[in-house]
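This report refers to the structure that appears directly beneath it.
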2 protein chains.
Amino acid sequence: MNTFQRNTQQRRVILEELQKLTSHPTASLLYAIVRQRLPKISLGTVYRNLELLAQSGVVKKLGHTTGEARFDGDTTPHSHLRCVECGRVDDVSAPVLDLTGGATDDWAGYQVLGYQLEFLGICPTCRKQTNHVSNP
Amino acid sequence: MNTFQRNTQQRRVILEELQKLTSHPTASLLYAIVRQRLPKISLGTVYRNLELLAQSGVVKKLGHTTGEARFDGDTTPHSHLRCVECGRVDDVSAPVLDLTGGATDDWAGYQVLGYQLEFLGICPTCRKQTNHVSNP
DNA sequence: GTATGTGCAAATGGTTTGCAGTGGG
DNA sequence: CCCACTGCAAACCATTTGCACATAC
């Protein structure tokens with residue numbers, strides 16, 4: 001039932017390193033990390049494998065509301081909190097939506113597959129750097 | 001308090017056409033539409049104005065979970081339902097989230113600004129075209 | 001009059017792809 | 001041994017930007 005056939009060294013290392021991280025790296029950040037173990041790997045290979053891993057459900061691809069896509073090695077249900085300044089993404093325990101709620105009976109004929117919930121804010125680091133307090 | 005100074009013809013027409021639409025056009029689709037009234041307008045101008053209009057809150061820029069960004073002339077609170085096959089976006093009456101809910105007391109030090117909720121599914125048109133019923 | 005906006009075209013940046021060579025099963 | 005996978009580099013495509021000219025105010 002596996003979508004991919006071969007268990008290549010590259011694929012193994014990419015998955016290992018991604019699952020090791022609690023941050024939600026971009027493809028190129030992960031590329032930099034993986035390159036420490038496999039110096040000859042190419043960015044294209046990282047993209048190809050992340051895509052495959054995401055398709056087989058081993059990994060989650062986070063839609064890019066801003067900037068680049070990010071990937072999450074943790075597939076348990078949870079939401080994300082994205083910093084609108086630096087793009088950093090943290091986890092939040094997911095407030096699960098009740099899709100059976102009557103208000104949304106009308107789905108316009110769609111077959112609903114799920115939802116994506118993302119919180120937006122300013123992370124601690126960026127709050128320190130700029131003044132985000134309303135001026136007196 | 002307006003973010004932009006000049007009320008140019010281009011800006012006016014872009015806003016008018018966007019507000020006329022209930023679909024959620026991409027920049028280039030809107031460009032095609034606007035060009036019917038202003039044949040000499042450039043795509044760059046459309047992008048520049050959509051960005052400005054979004055910043056001043058007159059228009060809403062929908063984060064691109066897949067593919068291109070889309071723009072919404074309707075700024076009243078509502079959620080979106082995106083077709084994962086063709087990218088089409090429809091409106092749904094927003095099930096408003098209660099951010100005061102105790103479960104999410106821990107925001108990891110973030111200053112939370114809001115959230116983005118997007119439903120994913122397959123639109124009526126795409127359901128007809130491909131067989132999305134589980135095979136017997 | 002002048003700063004702001006426009007058209008054009010070239011640059012950017014993330015992601016994808018074609019191809020010849022490699023290595024997993 | 002053979003086909004899925006890799007490395008490389010070029011292609012892609014949405015978006016952004018630099019510049020000279022135009023225009024709203």
query = Who passes side-chain contact (heavy atoms from CB on, under 4.5 Å) against B:R37, sequence neighbours left out?
reply = B:V13, B:E16, B:E17, B:K20

key: Sugar-phosphate or base contact per nucleotide [nucleotides 19-25 of chain C; S, B, -; heavy atom under 4.0 Å]   = ----BBS

Can you check the [X] [atom1] to [N] [atom2] distance for me, whole Å?
X     : N      : atom1 : atom2 : answer
A:L62 : C:dG14 : CG    : C1'   : 16 Å
A:E51 : D:dC5  : CD    : P     : 14 Å
A:L52 : C:dT15 : CG    : C1'   : 15 Å
A:R35 : D:dT6  : CZ    : P     : 16 Å
A:N49 : C:dT15 : CG    : P     : 15 Å
A:L43 : D:dA11 : CG    : C1'   : 15 Å
B:L38 : C:dG5  : CG    : P     : 17 Å
A:L50 : C:dG14 : CG    : C1'   : 13 Å

Please tell me if the side chains of [X] and [Y] come closer than 4.5 Å, counting only heavy atoms from C-beta onward.
X     : Y      : result
B:L38 : B:I14  : no
A:R88 : B:Y110 : yes
B:V89 : B:L81  : no

request  = For residues 8-30 of chain A, pull every pair meeting ring pair (Phe, Tyr, Trp, His ring centres under 6.0 Å), keeping only residues two or more places apart or in separate chains.
outcome  = A:H24-A:H80

inquiry  = So, OP1 or OP2 of D:dT16: does either fall under 4.0 Å of a side-chain N or O from B:Y47?
reply    = no

ask   = Are B:S42 and C:dT6 close enough that a side-chain N or O sits under 4.0 Å from OP1 or OP2?
value = no

task = Return the set of residues passing side-chain hydrogen bond (donor to acceptor under 3.5 Å, both in side chains) with A:T45 (not counting sequence neighbours), or none when no residue passes.
result = A:S42

key: Divergence of helical axes at both termini of the helix from C:dG1-D:dC25 to C:dG25-D:dC1 - five pairs an end, 10° steps   = 40°

message = Between A:D72 and A:R70, does any NZ, NE, NH1 or NH2 come within less than 4.0 Å of an OD or OE carboxylate oxygen?
response = no

query = Which part of the nucleic acid, if any, lies within contact of A:I41, taking any heavy atom under 4.0 Å across all strands shown: a base, the sugar-phosphate backbone alone, or nothing?
reply = sugar-phosphate

inquiry  = Enumerate the salt bridge (charged side-chain N to carboxylate O under 4.0 Å, His left out) contacts for residues 38-59 of chain A, please, sequence neighbours excluded, ordered by first and then second residue.
reply    = A:E51-A:K61

query = Looking at the side chain of A:R11, which of D:dT6, C:dT16, D:dT15 is the nearest nucleotide?
reply = D:dT6

task = Output the distance between atom CG (B:L15) and atom CG (B:N49), rounded to the nearest 0.5 Å.
result = 9.5 Å

